[in-house]
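One-based numbering along the sequence shown. FYI, side chains are in, hydrogens and waters are out, and symmetry mates aren't considered; it's all heavy atoms of this structure.
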Amino acid sequence: MNEFHVIDSVMPDVPPSSPESRLAARERVFGRSATATVAVRSRRGRRAWTGMALTAAAVVITVGAVVALLPRPAVEPVAVTPMRKLEAAAARLAATPEAKGRYWRRDIEDVTRTKNGPPYRVEERAMEVLALGPDREVYGWREPISSKPYTAEGLKAWRRDGSPRLCPARGCDKNMPAYSSADLDSVLELADGLKPTLTELRSLPEEPAALRARLLEHHDARVAGEREAWLAGAASRLVDSPATPGTRAAAYLLLARAPGIEVVDGVPGTFGLDGLALRFEGGQLVIDRRTGQFLGRQGLTPEGAAWRAGIVRKVGWSDVRPVPPAKCVRCTARL
């Protein structure tokens, strides 16, 4: 049935609609219906996708929670060996910039503990100074500081005796308060047959293998001892010499790989020397863990106790000319 005929019959006073009006009305009715259908389908689609997204998120959260609850595999800590610590300390030393100056100077406090001897066991201290100048000057002297008992029993006995003056000590010899401590002509001698100039010393390689090869060029079996022992002796003198920081660091690693030398940590700190150590029969070289700087040498008893030490108090370059103490005899020379 045509809906427009119904309207005409019910409302006879209304003029009949034209064909154009009927066509426009049909388009409005069916067009609106199509739009509503598309909107419904669109809403249904959105609801479906929203549900799927929520379901996926729930799955991810559940899986994540399960993974979080699972125990993680144990990670074994990497062992930091004394050798690794020494390598790190050597690298820091090699990277340390040097101070500038015309004079190189090293002050070492020498400490010796007597084992026997009446009436007390005594600890003797003295300062050993070595310095080099720009015109081949060399300075060197030893100045006594103190002597006193170092055991509790000895200290009590010394006090019972009225605390008598013990020598050598500062002020014991007013005629010679300091004296030459070494053969100043050979202060740069590293080993038998190996006596470089200061320039040659400063030009030594800064890599262990290259340093080893350069030093061994000077080994002569006719005048020197066994090659490896000779090499270790030369390297041990390099560590507190005017050589560059890189060369001194290479000397550490050269010594660490030498026969009969062990790298140890946890040095007890006797005489204030606490750090890594290159230990050999009868002694050890102590190195600062943090900076790689050489701290000093220790003499060891067969039981491993420190009885002697050379503690580095000052070392480096400056423009301050060394001045030996008054009345010091043969305390300067020229190389």
| Note, Leu166 side chain near Pro149 side chain (heavy atom, < 4.5 Å) | yes
| said: When you compare the side chains of Thr270 and Gln298, does any donor N or O come within less than 3.5 Å of an acceptor on the partner? | reply: no
| task | Taking all heavy atoms of Tyr103 and all of Pro322, pick out the closest pair and write down the distance. | result | CD2-CD, 3.7 Å
| query | Going by heavy atoms in the side chains, are Arg237 and Glu189 under 4.5 Å from each other? | reply | yes
| Any side-chain heavy atom of His219 within less than 4.5 Å of one from Leu215? | no
| remark: In short, Glu200 meets Pro196 closest at the heavy-atom pair OE1-CA, 3.3 Å
| note | In short, Lys174 meets Pro177 closest at the heavy-atom pair O-CD, 4.0 Å
| task | Would you check if the side chain of Tyr120 reaches a backbone N or O of Thr151 as a donor-acceptor pair within less than 3.5 Å? | result | no
| query | How far apart are the C-alpha atoms of Glu124 and Arg308, what are their side-chain angles, what is the distance that settles it, and do they pass the side chain to side chain contact (heavy atoms under 4.5 Å, CB included) test? | reply | CA-CA 10 Å; Glu124 300 176 359; Arg308 183 171 187 173; over 6 Å; no
| message | Would you say that Glu143 contacts Arg170 through its side chain, given a criterion of any heavy-atom pair below 4.5 Å between the two side chains? | response | yes
| query | Would a distance-only check, ignoring hydrogens and angles, find a side-chain to backbone donor-acceptor pair under 3.5 Å from Arg92 to Arg290? | reply | yes
| field | Heavy atoms from other residues, nucleotides or ligands near CD of Glu281 exceed 12 (cutoff 6.0 Å) | value | no
| Do Val267 and Leu255 share a hydrophobic cluster, counting only Ile, Leu, Val, Met, Phe, Trp and Tyr and linking them when any side-chain heavy atoms are less than 4.5 Å apart? | no
| Tyr139 and Val129, any side-chain heavy atoms less than 4.5 Å apart | no
| said: Between Glu228 and Arg212, does any side-chain N to carboxylate O distance fall below 4.0 Å? | reply: yes
| query | Does one hydrophobic cluster hold both Leu130 and Val111, with members joined at side-chain heavy-atom distances below 4.5 Å? | reply | no
| Is there side-chain contact between Leu190 and His218, with heavy atoms separated by less than 4.5 Å? | no
| Do Leu216 and Leu201 belong together in a cluster built from hydrophobic side chains that touch within less than 4.5 Å? | yes
| Is a donor on one side and an acceptor on the other found under 3.5 Å between the side chain of Trp230 and the backbone of Ala191? | no
| request: Test side chain to side chain contact (heavy atoms under 4.5 Å, CB included) on Arg297 and Val312 and set out the steps. | output: CA-CA 9 Å; Arg297 304 171 187 267; Val312 178; over 6 Å; no
| Between the main-chain N or O of Pro168 and the side-chain N or O of Ser147, is there a donor-acceptor pair closer than 3.5 Å? | yes
| said: Less than 4.5 Å apart, side chain to side chain, heavy atoms only: is that true for Glu87 and Val263? | reply: no
| field | Cluster check Val286, Leu93: I/L/V/M/F/W/Y, side chain < 4.5 angstrom | value | no
| note | Separation between CD1 (Ile108) and CZ (Arg142), nearest 0.5 Å, reads 11.0 Å
| query | So, Arg106 side chain and Asp240 main chain: donor-acceptor pair closer than 3.5 Å or not? | reply | yes
| said: Using a strict threshold of under 4.0 Å (side-chain N to carboxylate O), is an ion pair present between Arg289 and Asp274? | reply: yes
| said: Under a 3.5 Å cutoff, is there a donor and acceptor pairing between the side chains of Asp173 and Tyr179? | reply: no
| said: Nearest 0.5 angstrom please: Trp317 CH2 to Leu132 CG, how far? | reply: 7.0 Å
| request: Is it possible for you to say whether Ile311 and Trp141 belong to one hydrophobic cluster, with membership spreading through side-chain heavy-atom contacts below 4.5 Å? | output: no
| message | With a 3.5 Å distance limit and no angle check, can you tell me whether Thr291 reaches the backbone of Asp288 through a side-chain donor-acceptor pair? | response | no
| query | Judged by atom type as modelled, is there a donor-acceptor pair below 3.5 Å linking the side chain of Ser180 to the main-chain atoms of Arg330? | reply | yes
| request: Spell out, as yes or no, whether a donor-acceptor pair under 3.5 Å connects the side chain of Tyr252 to the backbone of Ile287. | output: no
| said: Has Asp319 got a side-chain atom pairing as donor or acceptor with Arg102's backbone, closer than 3.5 angstrom? | reply: yes
| Which atom names give the shortest non-hydrogen contact between Met127 and Glu109, and what distance separates them? | SD-N, 3.8 Å
| said: What I'd like to find out is whether the side chain of Ser318 reaches to under 4.5 Å of the side chain of Arg105, using heavy atoms alone. | reply: no
| field | Point-to-point distance, once rounded to the nearest 0.5 Å, from CZ of Arg248 to CG of Leu211 | value | 12.5 Å
| task | Working to the nearest 0.5 Å, report the span between CG of Leu285 and CG of Leu276. | result | 12.0 Å
| query | For Arg334, does the CZ atom sit with more than 12 other heavy atoms under 6.0 Å from it, leaving out its own atoms? | reply | yes
| Rounded distance [0.5 Å steps], CD in Glu137 versus OG1 in Thr332 | 9.5 Å
| task | Step by step, work out the side chain to side chain contact (heavy atoms under 4.5 Å, CB included) result for Trp307 and Thr114. | result | CA-CA 8 Å; Trp307 67 274; Thr114 61; over 6 Å; no
| request: Quick one: do Leu273 and Gln284 satisfy side chain to side chain contact (heavy atoms under 4.5 Å, CB included)? Show the steps, please. | output: CA-CA 11 Å; Leu273 293 177; Gln284 60 189 11; over 6 Å; no
| task | Give, for atom OG of Ser163 and atom CH2 of Trp158, the distance between the pair rounded to the nearest 0.5 Å. | result | 4.0 Å
| task | Please name the pair of heavy atoms, one in Tyr150 and one in Glu123, separated by the smallest distance, quoted to 0.1 Å. | result | CD2-N, 3.6 Å
| query | Between Arg202 and Pro242, is there a donor-acceptor pair closer than 3.5 Å when you use the side chain of the first and the backbone of the second? | reply | yes
| remark: Closest non-hydrogen atoms of Leu300 and Gly304, given as atom of the first, atom of the second and distance, are CD2-O, 3.7 Å
